[in-house]
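All ligand and atom numbering here is 1-based and tracks the order in the structure.
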Amino acid sequence: MKFSSFASGLLALGASLASAAEVVKRASLQQVANFGSNPSGVKMYLYVPNKLATKPAIIVAIHYCSGTAQAFYQGTQYAQLAEKYGYIVIYPESPYKGTCWDVSSPASLTHNGGGNSNSIANMVTYTIKQYGADASKVFVTGTSSGAMMTNVMAATYPELFAAASVYSGISAGCFATGTVNGWNSTCSQGHSIHSQQEWANVVFNMYPGYEGPRPRMMIHHGSADTTLYPQNFNETLKQWAGVFGYTYGQPQQTLSNQPASGWTKYVYGPNLVGAYGTGITHATPMFPQDDLEWFGITGNNNASPSKAAPPATTHAAAVAAPTTTLLACVRPSTAPATPSSAAPAAPAAPASKGGCTVQRWGQCGGNGYTGCTACASSTTCKKMNDWYSQCV
Ligand SMILES: *[C@@H]1O[C@H](CO)[C@@H](O)[C@H](O)[C@H]1NC(C)=O
Ligand SMILES: *[C@@H]1O[C@H](CO)[C@@H](O)[C@H](O)[C@H]1NC(C)=O
């Protein structure tokens, strides 16, 4: 019947334009109050672009310690790029004082264990349902504490995620303390060293019996990281090499100056890539365009061993590149002090370095910090705790 097909056509049009499934205003960061079961009280924020793709992909973007959904939304380019590529961004926000993530309790380190990981997983299933998103295109990324959580999400909810990009984190389970939102100095300082099989078993034990596919992992770390020591890069690569059946010591390819000048990519195969930045501190730049490629949202998946290295960029070009530097994981103020017996006396605060400026959200001070201390205009250096001051 003509009329009924016309009417149902109208209904379909209405549904796609102003559907009840639309849960937030588009093109701005919006909190979603009721996304289902939220056993650990994590807050959910959502960015839905104006130009939403049909069956959109989803990126979960997880903030650093002392960060918020708002800070990560403003300080990274995932939302901006969502307007171009039509995906949705979920920004979870930690419920704890100090706003690190719980990557230490058995609850969060277990599939459906009722911790932060469980709450974030529920945000994903909610968003897939509300927006008809593509369940095969869900990705996760984060920096520092958010990077720790990215590894934990990949380990506890492998069925949800297709790929992950980790910036300055630790291997999944490395921060285990048995307490909620604990701090594990053994791990942060790079002393939790295990074989790839042992680390893989840590992942397998977070979701016992799971046999399905697992997210492809890209792991970034700086060689000059004194918050989460560089050994954590090696341990995280060992972990996922063990999970995927690669040999940690034998990457298939080593690519210089990727994803930027001074970085090296270690390609183990389609499921695992490491990226190590020489001289890079815990304030690792993020490479959102590279992440989108890795996720398969743009271009060719860059795990492809055939991808040639771009010409080395000059320092100026690298600075101009669209990357974002965020400082990242901060030791919570409740953490025990570094064992002082072995540690040398904390150096006097360095004089403010001339000729360099810290951008908003970047580190500008703290015990052991030796970088720039001058904040960009309209931001000031605010002490968060003894180890970390930030330009805000
Ligand atoms: C820190 O984590 C390691 C595993 O990475 C564990 O062996 C150790 O007991 C943890 N430390 C604390 C204080 O719980
Ligand atoms: C960790 O990996 C980096 C990058 O491959 C390497 O330079 C470093 O020697 C490794 N560290 C250890 C202790 O193997």
Side-chain angles (χ1 to χ4, degrees), residues 100-110 115 117 145 147-149 151-152 154-156 166-206 217-243 246-269 272-282 284 303 309 329 331-332 334-342:
C100 298
W101 293 97
D102 175 16
V103 288
S104 55
S105 77
S108 203
L109 297 177
T110 306
S117 57
S145 184
M148 299 182 185
M149 185 47 103
N151 276 316
V152 168
T156 52
V166 172
Y167 290 91
S168 310
I170 47 120
S171 51
C174 192
F175 246 52
T177 56
T179 58
V180 172
N181 192 21
W183 185 273
N184 188 316
S185 302
T186 311
C187 177
S188 66
Q189 292 172 14
H191 300 311
S192 294
I193 297 173
H194 294 287
S195 71
Q196 65 173 50
Q197 192 54 54
E198 286 168 339
W199 277 130
N201 288 341
V202 170
V203 169
F204 298 144
N205 289 336
M206 290 186 191
M217 302 299 297
M218 183 153 71
I219 312 298
H220 305 81
H221 216 104
S223 73
D225 190 333
T226 53
T227 303
L228 301 176
Y229 280 61
Q231 185 74 38
N232 286 300
F233 174 72
N234 310 68
E235 298 308 307
T236 307
L237 281 182
K238 272 192 218 170
Q239 179 168 60
W240 295 111
V243 167
Y246 300 128
T247 302
Y248 162 69
Q250 295 172 9
Q252 288 175 10
Q253 271 198 310
T254 300
L255 305 172
S256 300
N257 295 318
Q258 284 203 31
S261 179
W263 287 73
T264 304
K265 264 192 183 174
Y266 300 93
V267 180
Y268 285 85
L272 180 62
V273 171
Y276 198 59
T278 304
I280 300 290
T281 66
H282 194 58
T284 321
C329 193
R331 183 191 294 261
T334 51
T338 307
S340 52
S341 49

For ligand 1, is there an N or O atom under 3.5 Å from any N or O atom of C174?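 C174 vs ligand 1: N/O contact under 3.5 Å present.
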Check your understanding: Short N/O distance, under 3.5 Å, between N184 and ligand 1?
Key ->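 Looking only at distances, the answer is yes, because the N/O contact criterion of under 3.5 Å is met.
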Practice item. For residues Y268 and Q252, report the shortest heavy-atom separation together with the two atoms involved. Key: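 Shortest heavy-atom separation between Y268 and Q252 comes out as O-NE2, 3.0 Å.
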Closest approach of A147 and Y167, non-hydrogen atoms and distance?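 The answer is CB-O, 3.1 Å.
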Check: [X] side chain, [Y] main-chain N or O, donor-acceptor pair, under 3.5 Å:
| X | Y | value |
| --- | --- | --- |
| E235 | H194 | yes |
| T236 | N232 | yes |
| S145 | W101 | yes |
| D225 | T281 | no |
| Q239 | A172 | yes |

With a 4.0 Å cut-off, strictly under, does [atom] pick up any protein heavy atom?
| atom | value |
| --- | --- |
| atom 1 (C) of ligand 1 | yes |
| atom 5 (O) of ligand 2 | yes |
| atom 14 (O) of ligand 1 | yes |

Worksheet item: For ligand 1, is any non-hydrogen atom under 4.0 Å from A176's backbone (N, CA, C, O), its side chain (CB onward), both, or neither?
Response: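 It is the backbone that touches ligand 1; the side chain stays farther off.
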Is it the side chain (CB and beyond), the backbone, both or neither of S192 that lies under 4.0 Å from ligand 1, heavy atoms counted?
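It is the side chain that touches ligand 1; the backbone stays farther off.
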*Going by heavy-atom distance to atom 3 (C) of ligand 2, choose the closest among T254, N234, L237, T278.*
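When every heavy atom of T254, N234, L237, T278 is considered, N234 comes closest to atom 3 (C) of ligand 2.
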Q) Hey, are T179 and N181 close enough side-chain-wise for a donor-acceptor pair under 3.5 Å? A)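 No - no donor-acceptor pair under 3.5 Å links their side chains.
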Q: Please could you name the atoms of ligand 2 that Y266 approaches to less than 4.0 Å, counting only its heavy atoms?
A: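 Selected atoms, number and element: 4 (C), 5 (O).
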message: Please list the nearest protein heavy atom to atom 7 (O) of ligand 2 with its residue and the distance rounded to 0.1 Å.
response: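 Nearest protein contact, heavy atoms only, for atom 7 (O) of ligand 2 is Y276 CE2, 4.0 Å.
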| field | ligand 2 to Q231 polar contact by distance, N or O atoms, under 3.5 Å | value |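 Min N/O separation from ligand 2 is not below 3.5 Å for Q231.
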